[in-house]
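Heavy atoms only: backbone and side chains are in, while hydrogens, waters and symmetry mates are out. Numbering of residues begins at 1 and proceeds along the displayed sequence. Computed from a predicted model, the values in this text were never measured in an experiment.
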Amino acid sequence: MSKNVIPSSYDRQTVLIIPVIFVVLISLLVFTKTQSSLILSICILFLGSIVASLILIPWKIYRNETELVFQRVAGSISISLTDIEKIDEIDFLDLKRNIGIHGLFGYYGNYTCIGFGSVKVMSKSKNNLVLIQSKANEPLVVSVDDIGLLRNF
């Protein structure tokens with residue numbers, strides 16, 4: 001059974017900012033003697049956000065002969081290729097968050113897509129967003145590096 005991996009990367013901003021924020025927070029913790037509990041709390045919240053993002057957002061997207069699979073730590077989501085009705089590119093500005101993660105560590109949660117309705121977003125980036133509609137699953141939005149890899153089934 002062959003797997004066609006569909007790359008999905010964090011955007012450049014996330015890759016560059018995360019290490020800088022870690023260095024700043026650790027430096028503040030080490031070099032300031034006052035309010036270390038506040039800085040430590042911020043570090044814990046920051047780490048919690050990263051962990052939530054890593055658990056909920058797919059770390060690998062691939063297509064085999066029968067299905068499209070979104071592998072996550074919180075459990076994989078599989079969509080049968082025969083159930084996929086439509087794959088559309090969408091703009092990030094068309095999404096409105098109802099509840100979920102929104103920002104530096106990716107995008108996850110229940111959103112409303114203008115002109116479509118309720119969707120589940122599991123995206124590392126706000127670039128190259130794809131809306132996948134299927135018969136069996138709720139509409140799903142993911143980000144991929146190359147949209148053409150998803151469109152060509």
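- Of the residues listed (I61, I77, L56), the one engaging M122 in a side chain to side chain contact (heavy atoms under 4.5 Å, CB included) is I77, and it is the only one.
- Looking at every heavy atom in both residues, I79 comes nearest to S134 through CG2-CB, 3.7 Å.
- The ring pair (Phe, Tyr, Trp, His ring centres under 6.0 Å) contacts involving residues 125-147 comprise nothing, where partners must be two or more places apart or lie in separate chains.
- When every heavy atom of N64 is checked against every heavy atom of T66, the shortest pair comes out as OD1-N, 3.0 Å.
- One hydrophobic cluster, built from ILVMFWY side chains closer than 4.5 Å, cannot hold both V69 and V73; they sit in different ones.
- Under the 4.5 Å side-chain heavy-atom criterion for ILVMFWY residues, a single connected hydrophobic cluster contains both I84 and I6.
- Counting Ile, Leu, Val, Met, Phe, Trp and Tyr side chains that sit under 4.5 Å apart, directly or through other members, L129 shares a hydrophobic cluster with I90, F92, L95, Y107, Y111, F116, V119, V121, L131, V141.
- Here D146 contributes atom CG and S8 contributes atom OG; the two are 11.5 Å apart, rounded to the nearest 0.5 Å.
- When atom types are taken as modelled, the side chain of D91 and the backbone of D94 share no donor-acceptor pair closer than 3.5 angstrom.
- Between the OG atom of S143 and the CD1 atom of I57 there is a distance of 8.0 Å, given to the nearest 0.5 Å.
- Atom CG of residue D145 and atom NZ of residue K124 lie 8.5 Å apart, to the nearest 0.5 angstrom.
- A donor-acceptor pair shorter than 3.5 Å can be found between the side chains of T112 and N98.
- Interatomic distance, CG of L54 versus CH2 of W59, reported as 12.0 Å (0.5 Å rounding).
- A donor-acceptor pair is defined here as one N or O able to donate and one able to accept, closer than 3.5 Å; such a pair exists between the side chain of N128 and the backbone of V144.
- Rounded to the nearest 0.5 angstrom, E89 CD and I147 CD1 are separated by 3.5 Å.
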**Test side-chain contact (heavy atoms from CB on, under 4.5 Å) applied to R72 and Y108, step by step** = CA-CA 12 Å; R72 307 181 308 161; Y108 178 84; 3.6 Å; yes
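- For the pair D88 and Q133, the minimum side-chain heavy-atom distance is below 4.5 Å.
- Contact of the L68 side chain with the L81 side chain is registered, since non-hydrogen atoms from C-beta on lie closer than 4.5 Å.
- Side chain of S53 to backbone of S49: no donor-acceptor contact under 3.5 angstrom is found.
- Between Y62 and E67, the closest side-chain pair of non-hydrogen atoms is not below 4.5 Å.
- Following chains of ILVMFWY side-chain contacts shorter than 4.5 Å, one cannot reach V5 starting from F70, and the two form parts of different hydrophobic clusters.
- Closest non-hydrogen pair, G106 versus I101, comes out as O-CG2, 3.6 Å.
- No more than 12 heavy-atom neighbours from other residues, nucleotides or ligands sit within 6.0 angstrom of CD1 on I99.
- For the atom pair OH of Y10 and OG of S123, the computed distance is 9.5 Å after rounding to the nearest 0.5 Å.
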